[in-house]
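Written out below as structure tokens is the structure these notes cover.
Chain letters run A, B, ... following the sequence lines, proteins first, then strands; residues in each count from 1.
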Amino acid sequence: MSKVPANPLPPPPDGDVVQQLEAAVRQGSGALQKFVADTEFPHVRGRSVTFLYCGEAQEVTLHHWIHGLPGQLPFRRIQHTDCWVLQIDLPARSRMEYKLGVAMFGRGTLLRDPLNRHTARDPFGANSVVYGEGYAPPDWCVEDPEARKGTIEDRHVDSPVFGDWRPIRVYRPARFRETRRYPLLVVHDGFDYLSFANLQTVLDNLIHRLEIPPLVAILTQSPDRMHEYAADPRHADFLVKDLVPQMERILPLVPQPSARALLGASFGAVASLSTAWRHPGYFGKLLLQSGSFVFTEIGDHDRGPVFDPVVKFVNEFRKAPGRPSESVFVSCGVYESLIYYNRSLVPLLQETGMQVRFREANDGHNWENWRDRLREGLSWLFPGPLWLVYE
Amino acid sequence: MLSSAILLGPQRKVPIVRDAIATLVPRDDRRPLVAVTAGWEERESEDQELREHVERPLVNLEVWARVERIFERDRELLLAMRQRHDTLRAVQELYRLRLSGLMDPARELLRRTGDEALLAPERHDAMAMVRALDQQHMRRVAEIHAEFEARWRPHERAAVQREKRELQRFLQSASCLLLAGGHVSVLLHRLRLFDLFGLYGDRPVIAWSASAMVLAERIVLFHDDPPQGSSHAEVMEAGFGLVPDLVALPHAKKRLLADDTLRVQLFARRFAPALCALLDDGSRLDWRGARWRAAAGTRRLTESGGVEEIGA
């Protein structure tokens, strides 16, 4: 940090954090270091979030995935220092994932915010995450020592539809018994839900809290999700003709549509809805998170060829939705570009006669958004015996 | 009404059943304890921890399994009970609908400040309407049970009588009846099918959690922060009425927002003058035919909206 002349004035006690930062700069590097060490960054007050980056750079930018904002927000260098600040507006109860872009000698590097201890993982690595005022990670997604633990078993399922063997994982609830019949939750990108959305802990906790009944979850993971989940009819057949019948033979499942649910996020939600549409009534419940339900009213879409079959399916679905399921829980982050498509889907789903619940969240297209909606979605689709059991 | 009963909080983490047994059953009484763990449903037989804890001979009455056997032998009764279950669920749903219309204004009236001369009678009447609805609901449910009993005469059915005879034998030779928690509706309806307390008579009972609820005059379901739907406490139906003036609230720390003064006021006033007893880990209430006596740490809801310790 650059040495600057000391300023005898103390920083304003409750003023803007940037003013305090600048006051500390004027007092000297010791004061600045102390201020940075004593202040949590990103600094959140009300809707205002202040980011700070300290280090040599020619340019610092905030890279985020909030739809509607410029993708890179530039930091401002505090004069005579290597400190860079950025203030943005972030509504209450928001989560925002981001990285810092730090440019030196014409080369940019994306890195996690060194001053931020909160990170969110996904299949591509991890991002920094800032919590808006009023947001805290829900306690039900954190391991509860009192909650009995379910088990995860690796298996393979024979798929004549795809002509191969598919790896799956089977979640059995704590105190699983062969003599009991369990509802079934089939999860798209299931291995990722385990890794990035704490699915096992969430299920253990919600079952322990009696908010959902003990259930069996089959976690699937496609080797080619961008094609198979893009409304590929083979995928729908795989679930209905291969996976579920085989699971019903080896596991004590309730063999009824009302006890079967599909869960998926993004393309996984497309796979869920398209499966239910192609096999109406087979799955009684759908949990669709941030579905990539892109459609066109006129002309072509601009999302790249991987979306071609998705758009074709959603357009067909919009013309003839039928009644794919009994109940559907839809959620989407308001910071996602997909919010428009999800909002558009809801009245259509309601017209089918299905029970529909829609939730928006101040969040983006990411795994922790999907994790945070699991309690409401699962407990709505599979209400547990919370009011009746007092052990 | 029982002459002696002990009600306890949950027993999983802080088991104190053994101490309660020592109060009611002399150490040299060689007769076995009998236990009902039907509230655990298909896990009914997983009673090893309980057996190890009590350190006395214990017979599990297998009430859940007996009813399952009856259902296998008497399909007509099974279907009739299922139909009654569906009816009760529908009636509960309708009651819930009416209740939500009364509870929100009652709470709002408690919240408001202003001219007490105007507010007090409105609060009183709002509460009276809630109580009246609770009473109507209990009567409606009692009618459903009466119709069921009159039509299907469950106590006269061979499959039921067969199990009852066996139960009676175990109950007659027991020193004390232990009733574990679990699914409150399963417990209530299965115990009622066997008229278990009629078979057992007025002898010592120790009940915890859901079983404490079913011994009371009315069963109040509650959860202040459910993931879905309304959080208004609901009357399920009448309990066995074997202990007086009590609303048993197991797992209160997890289920009640005890620092929500309005919510606590509303609850305590709604069920007054009953003792709204919080049955958390380590809680214990002894009934000796005349009055309640609480162990240290046991608490109750107060009509002023607080939680106070009532233990000695």
Below 4.5 Å, heavy atoms only, C-beta onward: do A:Val170 and A:Ile218 meet side chain to side chain?
yes
Given heavy-atom pairs under 4.5 angstrom as the criterion, report whether the side chain, backbone, both or neither of B:Ala248 touches chain A.
neither
How close do B:Ala233 and B:Leu99 get, heavy atom to heavy atom, and via which atoms?
O-CD2, 3.3 Å
How close do A:Gly291 and A:Ala269 get, heavy atom to heavy atom, and via which atoms?
CA-CB, 3.4 Å
The interface call for A:Leu210 against chain B, heavy-atom contacts under 4.5 Å, is side chain
Just to verify, what does B:Asp260 make a salt bridge (Lys or Arg N to Asp or Glu O under 4.0 Å) with, not counting sequence neighbours?
B:Arg107, B:Arg263
Taking atom types as modelled, which donor-acceptor pairs link chain B and chain A at under 3.5 angstrom?
from: B:Arg12; atom 1: NH1; to: A:Glu146; atom 2: O; distance (Å): 3.3
from: B:Arg12; atom 1: NH2; to: A:Glu146; atom 2: O; distance (Å): 3.2
from: B:Lys13; atom 1: NZ; to: A:Glu146; atom 2: OE2; distance (Å): 2.5
from: B:Glu42; atom 1: O; to: A:Arg177; atom 2: NH2; distance (Å): 3.3
from: B:Glu42; atom 1: OE2; to: A:Arg180; atom 2: NE; distance (Å): 3.4
from: B:Glu42; atom 1: OE2; to: A:Arg180; atom 2: NH1; distance (Å): 2.4
from: B:Arg43; atom 1: NH2; to: A:Glu391; atom 2: OE2; distance (Å): 2.6
from: B:Glu46; atom 1: OE2; to: A:Arg177; atom 2: NH1; distance (Å): 2.2
from: B:Gly182; atom 1: N; to: A:Tyr390; atom 2: O; distance (Å): 2.8
from: B:Gly182; atom 1: O; to: A:Tyr390; atom 2: N; distance (Å): 2.8
from: B:Val184; atom 1: N; to: A:Leu388; atom 2: O; distance (Å): 2.8
from: B:Ser209; atom 1: OG; to: A:Glu391; atom 2: O; distance (Å): 2.9
from: B:Ala210; atom 1: N; to: A:Tyr390; atom 2: O; distance (Å): 3.1
from: B:Phe222; atom 1: N; to: A:Tyr390; atom 2: OH; distance (Å): 3.1
from: B:Gln228; atom 1: OE1; to: A:Arg357; atom 2: NH1; distance (Å): 2.4
from: B:Gln228; atom 1: NE2; to: A:Glu376; atom 2: O; distance (Å): 2.7
from: B:Gln228; atom 1: NE2; to: A:Ser379; atom 2: OG; distance (Å): 2.9
from: B:His251; atom 1: NE2; to: A:Glu391; atom 2: O; distance (Å): 2.7
from: B:Lys254; atom 1: NZ; to: A:Glu146; atom 2: OE1; distance (Å): 3.1
from: B:Arg255; atom 1: NH1; to: A:Leu386; atom 2: O; distance (Å): 3.1
from: B:Arg255; atom 1: NH2; to: A:Leu386; atom 2: O; distance (Å): 2.6
from: B:Arg255; atom 1: NH2; to: A:Val389; atom 2: O; distance (Å): 2.8

A:Phe358: partners by ring-ring contact (aromatic ring centres under 6.0 Å, His included), with sequence neighbours left out:
none
Which is it for B:Leu58 and B:Leu178 under the side-chain contact (heavy atoms from CB on, under 4.5 Å) test, yes or no, and what are the steps along the way?
CA-CA 9 Å; B:Leu58 182 145; B:Leu178 309 183; 3.8 Å; yes
Would you say CZ of B:Arg73 has more than 12 non-hydrogen atoms from neighbouring residues, nucleotides or ligands within 6.0 angstrom?
yes
